[in-house]
Structures are given as C-alpha cells and as structure tokens.
> 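Take this structure first; my questions come after.
Letters A, B, ... mirror the listed sequences (proteins, then strands); counts begin at 1.
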Number of protein chains: 2
Amino acid sequence: MNGPDTSRARILEAAAYMLKTRGLARTKLSDIAERAGMLAPSLYHHFRSKNQLVEEVMVEGIYRNTRHIMQRVEVLGPDAPSLARLTAAITAHIDFLLTGDDFASAVGQVFHDLPDETRHRVLAAYSTFDNYWRDLIVGAQRSGACRSSMDPTVMRKFLIAMLDSSSGWFRPGKLSAQEIARQACELFLHGFAT
Amino acid sequence: MNGPDTSRARILEAAAYMLKTRGLARTKLSDIAERAGMLAPSLYHHFRSKNQLVEEVMVEGIYRNTRHIMQRVEVLGPDAPSLARLTAAITAHIDFLLTGDDFASAVGQVFHDLPDETRHRVLAAYSTFDNYWRDLIVGAQRSGACRSSMDPTVMRKFLIAMLDSSSGWFRPGKLSAQEIARQACELFLHGFAT
DNA sequence: GTCTATAATCAGATAGAC
DNA sequence: GTCTATCTGATTATAGAC
C-alpha cells in the first residue's frame with residue numbers, strides 16, 4: 001500500500017499545514033518534523049533544505065488548485081456560457097481553500113515572503129494558474145457577459161485577493177464554504193448595491 | 001523645526017518602507033538603520049527591540065489610515081447617502097495605500113507574521129478601523145442601498161482584502177490610483193457582469 | 001546619539017552512530 | 001530512515017568608548 005515515499009508525503013503535508021497556519025518565518029523545521037512524527041534532522045533525508053521543502057509545497061499547492069479549478073470548469077463542456085464558467089471557477093477555488101487543502105492555502109499565505117530565487121521558480125508554476133483566470137475573465141468580456149470598461153488585470157487581482165483571503169478568516173461552524181462561495185460569485189458578478 | 005525625535009521619526013519611516021517592501025522576516029535591523037542613515041545598534045537608543053519598532057509602525061499605520069478614511073467620509077456631511085460614503089471610503093483607502101503611505105501598506109504586508117503577543121495589541125488598534133467599515137457596510141444595507149441578502153462580515157473581509165492587495169501589484173505608470181479606485185468602487189457596488 | 005566591538009540566541013544544516 | 005550531538009551562520013541585542 002505504501003509507496004517508497006510515505007514519510008516524504010507526510011512531511012509535505014505537515015509543512016503545508018504549518019505554512020498555511022503560521023506563515024513562513026514562524027514555522028520552524030522542528031515544527032514540521034514534530035507534526036510529521038520525527039525530529040528535525042530527519043527531514044534532510046528527504047529534502048535538501050527548508051527552501052526546497054517550501055518550494056515543493058508551493059508548487060504542489062498551485063498545481064493542485066489549478067487542476068481542481070480547471071476540472072470543475074471544463075466539466076461544463078466547451079460551449080458553456082462564460083458566466084457559468086466564471087461561477088464554477090470561483091466556487092471551485094473557495095471550495096478547495098476552505099475544504100481543507102492546506103497546500104493551496106499555504107501558497108497565498110507564504111508567497112510574498114519567499115526568498116527571491118525560490119519565488120522566481122514558484123512564479124513560473126503560478127503563471128499557468130494566472131493565465132487560466134485571465135482567459136476566463138477576458139473570455140467573459142469578449143462574450144459580452146462582462147463589462148469591457150473594467151480592466152481585466154485589475155479584476156483578476158481583485159478577485160483572487162478576495163478569494164484567497166477567505167482561508168484566513170473562515171471559521172467552520174459559521175457560514176459554510178458553499179455559502180461563502182455563493183456570496184463571492186454574487187459580489188464579483190453583480191455587486192453589493194441593490 | 002525639528003522636534004526632539006527627528007531621528008526617531010526617520011527610523012519609523014525607514015522601517016515602514018522596508019516592512020511594506022520586503023515583509024517582516026526579510027527586513028533586518030541593519031536595513032532599517034541604513035535607510036535611516038545610521039548603524040543597527042543605534043536603533044536601540046530609540047526603541048527597545050525590533051518588535052517594539054514594528055509594533056509602532058503597525059499601530060501608526062492603522063491610525064493614519066483610519067483617520068484618513070474617516071475624514072474623507074465625514075467631510076460629506078452627516079446626511080450623505082450611504083453609497084456615497086462607501087465610495088468615498090473605498091477611494092480614500094486605495095488612494096492612501098497607493099499614494100505612498102508606507103505605514104498603511106506595511107500593515108497588510110506584515111500583520112500575519114507578527115509574534116502572537118504583538119499581534120494581540122495591534123489587533124486592538126485594528127478594531128477601530130474594522131468597526132468603521134462595518135458601520136459603513138451595515139449602514140448601506142439598512143438604508144436599502146445595499147443588499148441584505150449578503151453577509152456584512154463577508155462583504156467587509158472581501159472588500160478589505162481586495163483593496164489591500166492593490167499595494168502589492170500596483171505599478172506607477174500603468175493605471176493610476178484614481179482609476180484603480182474607480183474600478184474598485186464599480187466592482188464592489190455593481191459587479192463585473194453586464 | 002551614534003559608534004565599535006562583542007555577546008547571546010536561535011534556527012538551519014551536517015556528521016556519524018544505530 | 002531516524003536518531004543524538006554538534007557546527008555554522010545570520011541577526012538581534014548589549015557594553016562601553018566617543
């Protein structure tokens with residue numbers, strides 16, 4: 001049942017959890033190790049450095065999230081209206097962040113503290129994600145469903161910031177992930193005013 | 001012309017700039033000192049520790065930003081329609097972030113890495129800011145200008161996250177702060193769809 | 001009030017036993 | 001593959017001269 005890297009995977013999950021919860025500077029290797037059931041030096045059997053470990057978490061988080069969103073959009077079929085595609089993407093993103101993918105949440109939390117060199121490589125992985133959103137937004141404008149008077153880059157930045165923030169303030173037991181996703185769609189597409 | 005704490009003020013400004021630009025973990029005391037025209041140990045004549053210096057930057061940033069927003073809203077007079085008040089607040093916030101107040105930008109950048117004890121105190125200062133936005137939003141709902149079907153807390157979190165993000169991606173020479181503010185108002189109040 | 005040492009701390013990383 | 005022990009390096013912080 002276990003592949004050759006069970007403990008490697010456990011370490012990555014522990015790291016993702018700690019990074020999402022406490023950020024980069026406040027997570028020590030010993031915290032990650034403890035959560036993975038071992039001591040800090042053992043991590044070096046699986047990863048060359050803290051940076052490499054963090055980088056893998058980031059890239060994995062971006063990859064998982066992108067793939068999840070794409071699936072939930074593409075299942076609608078190639079002829080789905082662009083607003084339906086946008087709605088599916090927003091809902092998928094919130095869902096994924098709030099329903100326990102620590103990797104995806106860690107990305108937003110840690111990205112801006114990454115050392116320059118690491119950040120460049122992570123940025124490359126991020127571009128797939130970013131481009132997908134750009135296409136959804138530009139597509140919605142081209143189809144006439146969204147306003148061309150709005151700058152698509154600004155819309156994307158605002159939207160992603162808004163969605164990403166949710167993993168920082170979401171508390172289970174209050175509004176559900178579904179309800180938050182619904183409000184995000186409403187707000188982004190139709191606004192708060194009556 | 002110079003009060004008793006000119007260099008103290010210079011240090012705070014240097015710290016705000018470094019914190020907004022590089023985040024907490026990546027700003028060293030020596031960076032702050034250099035920007036203030038002195039060497040790291042000299043900072044200890046003015047501040048007890050890095051934490052205390054950072055805390056003062058945070059509290060000052062929150063205070064300045066809150067005061068700026070309140071002024072720009074209250075100048076409309078007590079009978080201004082609630083949408084005008086919201087619009088003024090959004091515009092003021094973006095303006096303040098993008099037109100060079102490093103203290104305000106540093107808050108969003110650094111807040112989540114603060115050591116627990118510091119963060120608690122900063123959070124107390126933050127509540128004035130937060131409550132003001134809450135009142136603007138709830139007021140707009142009560143007046144009927146904004147939809148009661150939306151959760152006011154979620155709207156506030158989404159709005160502030162969206163606005164705060166701008167200091168991270170704004171680049172002078174592209175869209176102006178005014179234009180970004182306009183798009184933020186449009187998006188938040190009327191949405192992106194046609 | 002700012003400097004030149006220098007100490008203290010702490011976290012990342014390595015060596016080598018088991 | 002994980003441990004104990006140790007090293008290294010970076011950064012905060014202190015002592016004390018000027």
> Round to a whole Å and report the spacing from NZ of A/Lys28 to P of C/dG12.
8 Å
> Starting from C1' on D/dA10, measure out to CG on B/Leu29 and report it in whole angstrom.
12 Å
> How many Å lie between OH on A/Tyr44 and P on C/dG16, as a whole number?
17 Å
> Give a yes/no on whether any side-chain N or O of B/His45 is located under 4.0 angstrom from OP1 or OP2 of C/dC3.
no
> How many whole angstroms separate atom CE of A/Met18 from atom C1' of C/dA11?
14 Å
> A side-chain contact here means heavy atoms from C-beta on lying under 4.5 Å apart; do B/Phe192 and A/His190 qualify?
no
> In whole Å, what is the span from the CE atom of A/Met38 to the C1' atom of D/dT4?
16 Å
> Indicate, with yes or no, if the rings of A/Phe129 and A/Tyr126 have centres closer together than 6.0 Å.
yes
> OP1, OP2 of D/dG1 versus side-chain N and O of A/Ser42: anything below 4.0 Å?
no
> Figure out the CD1/P separation between A/Ile11 and D/dG1, and round it to whole Å.
10 Å
> Is the Lys NZ or Arg CZ of B/Arg35 less than 6.0 Å from the centre of B/Tyr17's six-membered ring, within 45° of the axis?
yes
> C/dT2, C/dA15, D/dA15: which one has an atom nearest the side-chain heavy atoms of B/Pro41?
D/dA15
> Does B/Phe170 reach the side chain of B/Leu175, with side-chain heavy atoms less than 4.5 Å apart?
no
> At 4.0 Å (heavy atoms only), tell me whether A/Ser30 reaches a base, stays on the sugar-phosphate, or touches nothing.
nothing
> What's the NZ-P distance between A/Lys50 and C/dT14, to the nearest Å?
15 Å
> Separation of A/Leu39 atom CG from C/dG12 atom P, in whole Å?
14 Å
